[in-house]
Each structure stands twice: as structure tokens, then as C-alpha cells.
Number of protein chains: 2
Amino acid sequence: MTNSCLVAKLGKFASLSEGDSAMLEALERDEREYRKDQLIQRRGNPIDEMFVVKSGWLTSFSVLDDGRRQLLRLFFSGDIVDLSNVALTVSQHDIKALTPAVLCPFPKSGLEPLFHSSPRLTALLFSMTVRENATLLGRIRAIGRFNAYERLCYLILELGSRLRLAAGHQYAPDGFRIPLTQSDIADLLGLTNVYVSKTMSRIEKDGLIERHGNRIIICEPKRMQNICEFEDSEQIDTSWFPLR
Amino acid sequence: MTNSCLVAKLGKFASLSEGDSAMLEALERDEREYRKDQLIQRRGNPIDEMFVVKSGWLTSFSVLDDGRRQLLRLFFSGDIVDLSNVALTVSQHDIKALTPAVLCPFPKSGLEPLFHSSPRLTALLFSMTVRENATLLGRIRAIGRFNAYERLCYLILELGSRLRLAAGHQYAPDGFRIPLTQSDIADLLGLTNVYVSKTMSRIEKDGLIERHGNRIIICEPKRMQNICEFEDSEQIDTSWFPLR
DNA sequence: CGAATGCTTGAAGCTTATCAAAGCTGGTGG
DNA sequence: CCACCAGCTTTGATAAGCTTCAAGCATTCG
């Protein structure tokens with residue numbers, strides 16, 4: 001049994017050899033702790049390291065000159081922050097901790113051995129990236145064409161799905177905790193905190209969810225899935241992967 | 001000199017060996033022609049092949065039950081359609097030709113030799129994917145937090161940038177042609193065709209662009225870049241790439 | 001206990017959507 | 001070569017959804 005978050009996550013999608021696991025574990029050799037709200041990466045700074053998330057929630061976001069803010073993505077256990085940076089020399093956006101977090105920093109060159117000696121693991125990493133890509137397309141659809149009610153349903157289902165996957169496909173009867181303020185949610189979905197509040201109340205009144213603090217229970221997953229045409233696609237196609 | 005669109009595009013970002021070029025060329029062995037508006041892939045269908053775009057414009061899009069539509073991405077020369085599908089067994093969205101197009105189909109397994117025998121080329125392909133990802137994040141920011149005026153400026157600059165890259169970094173004094181209707185543009189940006197029309201007129205009246213049919217000339221790139229905080233990041237970081 | 005932060009609720013205003021009709025343009029056939 | 005047609009664009013009027021502003025309430029934390 002490993003305590004590597006990457007192995008835990010990637011292992012859900014494809015079998016990993018001893019060597020593959022060892023390479024992933026190497027990326028998590030160091031640990032660094034961050035407190036809530038601590039800035040992890042600043043826009044415009046050179047990118048010299050990336051991170052594996054061991055615990056906690058992070059977000060990358062972009063702030064416009066006049067203060068408008070857009071949250072771009074959420075990272076948690078087993079995610080690599082920010083793999084998008086692998087192609088860049090300078091960070092495009094800010095990243096901060098939404099909760100206390102433990103990260104494992106590694107240099108960009110840490111990926112080189114992986115690309116060099118395990119085509120199969122590389123294909124897996126590639127597929128994960130492409131899959132995140134599909135998640136972003138879903139968000140574009142939601143922000144571009146959904147009203148506030150639909151967007152919130154979508155976000156709740158998406159987070160529920162990701163958290164269930166991280167927790168090993170279990171449905172949690174007591175729901176899940178979302179460490180986001182309503183302003184954060186607004187900035188994720190292109191809304192305002194005020195309207196998020198009003199719309200969440202409506203969703204709750206309609207019996208789709210229950211709220212207890214920032215813990216959410218999804219009461220009517222089917223109805224919610226219909227509302228925002230949400231489909232859970234958790235598996236990836238490994239059929240074309242190199243054998244090793 | 002090759003006539004491979006992939007080699008032409010990828011070669012702009014990193015040097016390619018003979019072998020690498022040959023592998024890319026192999027993906028373009030077959031050609032298939034599509035007429036304008038022809039459907040190339042249908043949502044829900046199994047994914048058995050992907051395509052290199054030789055010429056023409058394509059779009060992937062999602063249609064909701066009530067007819068609302070969101071264009072997700074545009075593909076043109078040298079792009080792989082739809083690399084996002086590599087991780088999936090079933091297509092998540094529809095893809096169609098916006099203009100007459102020539103595509104080179106190849107099976108998903110066509111990627112296997114590439115992953116197997118060229119870590120360097122794989123790293124490049126990975127970086128391209130991650131870079132597209134950054135483009136999507138830019139669109140999320142635009143749709144989530146920009147008003148219609150800003151969104152349109154953003155789209156025009158983004159297309160200008162991509163087309164200049166495809167054309168070898170040349171500024172075209174006579175602008176560029178965008179084979180999109182205003183309804184298409186609206187569906188890309190989360191607006192309506194009517195409002196796109198009104199806002200485009202305003203952008204033109206303000207002297208930022210000139211329009212001649214669907215050809216656009218960017219008159220004041222600097223001012224437009226300020227309006228939507230657009231930054232052109234065309235290069236990728238190859239410093240960590242495996243040597244071969 | 002007080003201060004800070006976040007949530008809720010209400011009222012007014014603005015951006016964008018919707019509906020409708022007229023103008024334009026490019027392609028086709030006579 | 002002109003006339004027509006279909007699809008696209010433009011323009012105007014009205015309406016909806018969301019934002020902004022503002023005040024009160026709840027919860028947490030030192």
C-alpha cells in the first residue's frame with residue numbers, strides 16, 4: 001500500500017507497474033504546508049516548480065484590473081498544480097489555498113524521466129489532462145448557456161462526482177463539505193454572491209439539496225442531472241495505451 | 001519540405017527529428033473531404049477515429065434539449081480533432097465543418113507508436129494539449145466575467161493570434177476572414193446573434209476594427225488588448241523535454 | 001463580548017435576451 | 001445579365017435575468 005496521492009488517483013484508471021508507482025512516488029518526496037488563503041503562485045512569476053496536492057483545496061484564478069475575479073479551477077488530493085504550466089515559462093494566473101493544504105513540490109524536469117521511460121504512464125497522464133480538458137468544456141457550456149439555477153446544479157453535481165471519485169466511488173449519505181464561500185462560487189460560475197445566495201435558497205426550497213453550513217446533501221440527483229444535462233464520465237479509455 | 005500540417009504546426013514549437021516527422025506524416029496518410037455544414041462526429045457515438053485537419057474550419061459544440069447551443073472550440077489546419085476524445089470511448093459532443101474541409105482520419109491506436117518511441121514528440125504533443133487548455137481557461141474568464149464588448153474584442157484577438165501563427169507570424173494588412181455567422185459567434189461567447197450584431201457595430205464605430213463582409217481588420221490592437229487584458233503567449237517551454 | 005466575515009433579503013437599475021420587421025448579400029436559374 | 005430567393009445582418013421596442021447597493025442577521029474567533 002502506498003501513501004502517494006498520485007498513485008492512488010491514477011491507479012483508479014489504469015494498472016500501474018512497480019516502476020511507474022516508484023516514479024510517481026518520487027514526485028511526492030518533499031512536503032510543504034500552506035495555510036488557508038496563502039498564495040502559492042503569483043501571476044507573472046516564473047514557473048520553477050509544480051505541486052502534487054496531498055491534502056486541502058486550492059484554486060487558480062484570474063483577477064482583472066478593475067477587481068473582477070474568475071476562479072478557473074479547483075484542485076484537490078491527487079491533482080497536479082498546475083500541469084497547465086508545464087508548457088509555459090511564466091505563470092498566467094494566481095493560485096491560492098482555499099483550506100490549509102499540504103503540497104509536494106517538484107521541478108518541471110521531474111516529468112522528464114516519466115516521459116523517457118514509461119510510455120504507458122505518460123499516456124495515462126496525457127489522458128488525465130485531456131479529461132480535465134473535457135471538464136473545462138463542460139464549464140464553458142454551463143457558463144455560456146445555463147442560467148444561474150442550472151449553473152449551480154451543475155457545480156454541485158460536478159463537485160459531488162469528483163469528491164466521490166477521490167473517496168473511492170462511495171456515496172456519502174451525509175453529503176460533502178464545500179470549502180467555498182458564496183463569493184467563490186459566484187466567481188467560479190460568472191455570477192454574484194448575492195444571486196448565488198438567492199438561487200441556492202431556491203434550489204433548497206425546491207427540495208433538490210439540503211444545506212447544513214457548507215455541507216451539502218444531494219437529495220434528488222436524477223432531477224438535478226436532468227436540469228443541467230449532467231453526465232458523469234469517470235472512466236477513461238486505456239485500450240490504445242502502450243503496454244509498458 | 002513536408003506537406004504535413006502537423007509537422008508544420010508542431011515544428012514551430014520544437015525541432016523535430018526525421019523519425020518524429022515520419023511518425024506525424026503517417027497520421028496524415030489518408031484524406032477525406034467534407035462539405036460545409038457536414039457532421040463529422042455525433043454526440044453519443046463511439047469514437048473510432050480522430051482527424052488531423054488539413055484545411056478548413058471545424059467546430060465542436062453542444063446542443064441542449066431546448067435548442068440552446070454552445071460552440072466549444074474551433075479547429076483548423078494542423079489541429080487534431082478531437083484529441084479530447086483520446087480518453088473517452090463515446091463522443092461527448094457534436095463536431096461539424098464550418099467550411100469545406102479536408103481531414104486525415106487515423107485510429108486512436110495511431111498515437112501508440114508515438115508514445116512508445118518518441119518521448120520528445122510525446123512531450124511536445126502533451127504541451128500542445130496543455131496549451132489548448134490554457135486557451136480554454138481564457139475563454140472561461142471571458143465568458144464568466146467579460147461583458148459583450150470585451151468578449152468580442154477577446155475573440156477577435158484570439159482568432160487573429162491563432163491565424164497569424166498558422167500563417168507563420170505574419171501580420172496580414174488586409175486582416176483575416178472569419179467563416180462564422182454572427183449566430184456562431186454568439187454561441188461561442190454565450191450571447192445572442194442580435195446582440196453580437198449591435199456590439200460589433202459599436203466596436204467598429206469606435207474604430208477598433210474594420211469589417212468587409214466577414215473579413216476583419218484589427219485597427220487598434222493595443223487598445224483592444226487593454227480592453228480585454230489579452231496576452232499573446234505563443235511560445236512553449238521545451239527546456240524540460242527529453243532529448244529524443 | 002466585540003469584531004470580522006459571510007449570508008440573507010429587498011429595491012432599483014442595467015445589460016442582455018426576445019420578438020419582430022426590414023435591409024442586405026451572394027448564389028441560382030431563367 | 002438580371003431577378004429572385006434564402007440566409008444573414010441590422011435596427012427598434014419590450015421584457016427578463018442578473019447586478020448593484022444597502023441594511024440586517026448569523027456565525028466564528030480572538
Side-chain angles (χ1 to χ4, degrees), chain A residues 35-37 57 59 64 66-71 96 98-100 142-155 177-206 209-216 227-228, chain B residues 35-37 57 64 66-71 96 98-100 142-156 177-206 209-216 227-228:
Chain A
R35 48 178 201 284
K36 182 164 143 66
D37 290 326
W57 287 49
T59 182
L64 303 183
D66 62 1
R68 284 177 290 180
R69 190 178 72 139
Q70 176 70 42
L71 296 201
K96 74 167 192 182
L98 290 166
T99 68
I143 300 179
R145 286 295 175 225
F146 285 174
N147 62 29
Y149 196 98
E150 294 162 335
R151 283 183 218 181
L152 280 164
C153 288
Y154 188 84
L155 180 65
R177 196 177 144 268
I178 299 184
L180 298 170
T181 66
Q182 292 188 351
S183 293
D184 291 333
I185 294 173
D187 289 342
L188 255 178
L189 298 178
L191 299 166
T192 59
N193 57 345
V194 174
Y195 208 60
V196 166
S197 171
K198 291 177 183 176
T199 309
M200 283 287 261
S201 305
R202 248 170 70 219
I203 293 176
E204 189 174 25
K205 185 165 60 61
D206 292 347
I209 62 167
E210 269 179 42
R211 288 184 293 171
H212 304 99
N214 53 16
R215 184 168 288 279
I216 288 191
I227 286 170
C228 57
Chain B
R35 49 180 199 284
K36 182 164 144 64
D37 291 324
W57 286 49
L64 302 183
D66 62 1
R68 283 177 291 180
R69 190 179 72 138
Q70 176 70 44
L71 297 201
K96 75 166 192 182
L98 290 166
T99 67
I143 300 179
R145 285 296 175 225
F146 285 172
N147 61 30
Y149 197 98
E150 295 163 335
R151 282 184 220 182
L152 280 164
C153 287
Y154 188 85
L155 179 66
I156 292 165
R177 197 177 143 268
I178 299 183
L180 299 170
T181 67
Q182 293 188 350
S183 294
D184 291 334
I185 294 173
D187 289 342
L188 256 177
L189 297 178
L191 299 166
T192 60
N193 59 344
V194 175
Y195 207 61
V196 166
S197 171
K198 291 178 182 174
T199 309
M200 283 288 260
S201 304
R202 250 170 69 219
I203 293 175
E204 188 174 26
K205 187 164 59 63
D206 292 347
I209 63 167
E210 268 179 43
R211 288 184 293 171
H212 304 99
N214 54 14
R215 185 169 287 279
I216 288 191
I227 286 170
C228 58

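Letters go in sequence order (proteins before strands), and every chain restarts at 1. Just so it is clear, the model here is predicted, and its values are computed rather than measured.
In this structure, the salt bridge (Lys or Arg N to Asp or Glu O under 4.0 Å) partners of Arg215(B), at least two apart in sequence or on a different chain, are Asp174(B). In this structure Asp206(A) satisfies the side-chain hydrogen bond (donor to acceptor under 3.5 Å, both in side chains) test together with Tyr149(A), sequence neighbours excluded. Applying the side-chain contact (heavy atoms from CB on, under 4.5 Å) criterion to Pro179(A), with sequence neighbours excluded, gives Trp57(A), Thr99(A), Arg177(A). With sequence neighbours excluded, the residues that form a side-chain contact (heavy atoms from CB on, under 4.5 Å) with Ser183(B) are Thr181(B), Asn193(B). Partners of Glu204(B) by salt bridge (Lys or Arg N to Asp or Glu O under 4.0 Å), not counting sequence neighbours, listed by chain and number: Arg211(B). Taking the salt bridge (Lys or Arg N to Asp or Glu O under 4.0 Å) definition, one finds that Arg69(A) meets it with Asp184(A), Asp187(A), sequence neighbours left out. Asp66(A) pairs by the side-chain contact (heavy atoms from CB on, under 4.5 Å) definition with Leu64(A), Arg68(A), not counting sequence neighbours.
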What protein N or O atoms touch nucleotides 21-26 of chain D N or O atoms at under 3.5 angstrom, if any, and at what distances?
none

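Comparing Arg151(B) and Ser201(A) by the nucleotide of DNA chain C whose heavy atom lies nearest to each, the residue mapping closer to the 5' end is Ser201(A).
Among residue pairs with one or both ends in residues 189-203 of chain A, none qualify as salt bridge (Lys or Arg N to Asp or Glu O under 4.0 Å); sequence neighbours excluded.
Separation of atoms CG (Leu189(A)) and OH (Tyr195(A)) is listed at 13.0 Å; rounding is to 0.5 Å. Between the OG1 atom of Thr59(A) and the NZ atom of Lys96(A) there is a distance of 8.0 Å, given to the nearest 0.5 Å. A distance of 6.0 Å separates CG of Leu188(B) from CG of Leu155(B), quoted to the nearest 0.5 Å.
Contacts with DNA chain C (heavy atom under 4.0 Å) in residues 177-193 of chain A: Thr181(A), Gln182(A), listed by number.
Within the structure, a side-chain polar atom (N or O) of Arg211(B) is placed less than 4.0 Å from OP1 or OP2 of dT10(D).
Lys205(B) places its NZ atom 14 Å from the P atom of dT10(D), with the value rounded to the nearest Å. Atom CZ of Arg69(A) and atom C1' of dT19(D) are 17 Å apart (whole Å). The CG atom of Leu152(A) sits 14 Å away from the C1' atom of dG17(D) (whole-angstrom rounding).
Under a 3.5 Å cut-off, the side chain of Arg151(B) and the backbone N or O of Arg145(B) do not form any donor-acceptor pair.
Helix-axis bend for the helix from dC1(C)-dG30(D) to dG30(C)-dC1(D): the local axis fitted to the five terminal pairs at one end deviates from that at the other end by 40°, rounded to 10°.
Closest non-hydrogen pair, Ser197(A) versus Gln182(A), comes out as CB-OE1, 3.1 Å.
Taking a heavy-atom distance under 4.0 Å as the criterion, the stretch of DNA chain C touched by chain A extends 5' to 3' from dG6(C) to dA11(C).
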